[in-house]
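Report on one structure; see the data block that follows.
Order of listing sets the numbers, starting from 1, for every ligand and every atom in it.
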Amino acid sequence: MKTAIIYASTEGQTRKIAHHAEDFLQGEGHGVTLRNATDAGDLRLSEFDAVILAASVHAGKYQSEIVAYAKDHANALNQVASMFLSVSLGAAGDDATEWSALRCYVDDLKNDTGWTPDKVEHVAGAFKFTEYDFFRYWAMRWMESKRDPSAPAGEDREYTDWDRLDKTLKDWTRARSAAS
Ligand SMILES: Cc1cc2nc3c(=O)[nH]c(=O)nc-3n(C[C@H](O)[C@H](O)[C@H](O)COP(=O)(O)O)c2cc1C
């Protein structure tokens, strides 16, 4: 399957996830084009069998560049098999309030852009203290103290479940291949 992966990332974890998805899908025999959302304007989505958009949550919102991309290309996205990878720290836990909020962020994205992905996958992200400025560092230390109080404070820590992501990609591409 010819697949485009278009992502936005603030501290780098969604970029890592997008590159991992590229490697995994190529290993499965698919052709993959990977682009940052700011550099994807020239892609003709109608030439792809599937499109994956990936972005992360910051204070309840996705990066403006992925929102702009989805809005500008909503018609094309709605005509191709599409998946949204929503990266967040809420997805690393099982707090019902956080999960409810995550679903609202996706609904907001759909409403704002007019794009309705066939599949939404919530992917656990990472603490990247080495990437944060002063304000973010202390805001995230607070989040960390609530989420993972026994973990060493202020250290980068990844929660992404790579095996689960691989299985999601494999199942979805198989289902799409069977359907086409
Ligand atoms: C300033 C800031 C705000 C964040 N807000 C949220 C949030 O509202 N909900 C959530 O689940 N995760 C939140 N996160 C966690 C990020 O989604 C997570 O760190 C993710 O891995 C970031 O991906 P990126 O490195 O691709 O930007 C926040 C992170 C930062 C730094």
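- Remark: D133 CG is packed, more than 12 non-hydrogen atoms of other residues, nucleotides or ligands lying under 6.0 Å away.
- Using modelled atom types, one finds a donor on one side chain and an acceptor on the other under 3.5 Å when comparing Y159 with D148.
- For atom 29 (C) of ligand 1, the closest non-hydrogen atom of the protein is M140 CE, 3.3 Å.
- Aromatic ring centres of Y69 and Y62: separated by at least 6.0 Å.
- The protein heavy atom nearest to atom 19 (O) of ligand 1 is A126 O, 2.7 Å.
- With 3.5 Å as the limit, one finds no donor-acceptor pair spanning the side chains of Q13 and S56.
- Ligand 1 places these atoms under 4.0 Å from at least one heavy atom of Y132: 31 (C).
- Remark: aromatic rings of W115 and H73 are distant, center separation not under 6.0 Å.
- V123 pairs in a side-chain contact (heavy atoms from CB on, under 4.5 Å) with only one of the listed residues (T168, T14, L85), which is L85.
- With hydrogens and angles left out, the side-chain atoms of S88 and Y105 include no donor and acceptor closer than 3.5 Å.
- Listed by number with element, the atoms of ligand 1 under 4.0 Å from a non-hydrogen atom of G12 are 24 (P), 25 (O), 26 (O).
- Side chains of Q79 and S46: no donor on one and acceptor on the other come within 3.5 Å.
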Run the ring pair (Phe, Tyr, Trp, His ring centres under 6.0 Å) check on Y132 and F129 step by step: do they pass? CA-CA 5 Å; Y132 302 149; F129 290 97; 5.4 Å; yes
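- Below 4.0 Å from some heavy atom of S56 lie the following atoms of ligand 1, by number and element: 22 (C), 23 (O), 24 (P), 26 (O), 27 (O).
- For ligand 1, the atoms sitting less than 4.0 Å from at least one non-hydrogen atom of G60 are 8 (O), numbered in the order shown with element in parentheses.
- Of all protein heavy atoms, the one closest to atom 12 (N) of ligand 1 is L89 N, 3.3 Å.
- The nearest heavy-atom contact from the protein to atom 14 (N) of ligand 1 is V57 O, 3.3 Å.
- In terms of protein heavy atoms, atom 5 (N) of ligand 1 is closest to A59 N, 2.8 Å.
- Remark: ligand 1 atoms within the under-4.0 Å shell around heavy atoms of G125 are 21 (O).
- The contact set between ligand 1 and T10, taken as ligand atoms under 4.0 Å from a residue heavy atom, comprises 24 (P), 26 (O), 27 (O).
- Counting atoms of ligand 1 from 1 in the listed order, those under 4.0 Å from a heavy atom of G90 are 10 (C), 11 (O).
- Closest protein heavy atom to atom 2 (C) of ligand 1: H58 CD2, 3.5 Å.
- Judged by distance alone, the side chains of H30 and D49 never bring a donor and an acceptor atom under 3.5 Å apart.
- For ligand 1, the atoms lying closer than 4.0 Å to a non-hydrogen atom of T14 are 23 (O), 24 (P), 26 (O).
- Of the polar atoms of R136, none of the N or O atoms is found under 3.5 Å from an N or O of ligand 1, judged by distance alone.
- Here the protein heavy atom with the shortest distance to atom 25 (O) of ligand 1 is Q13 N, 2.8 Å.
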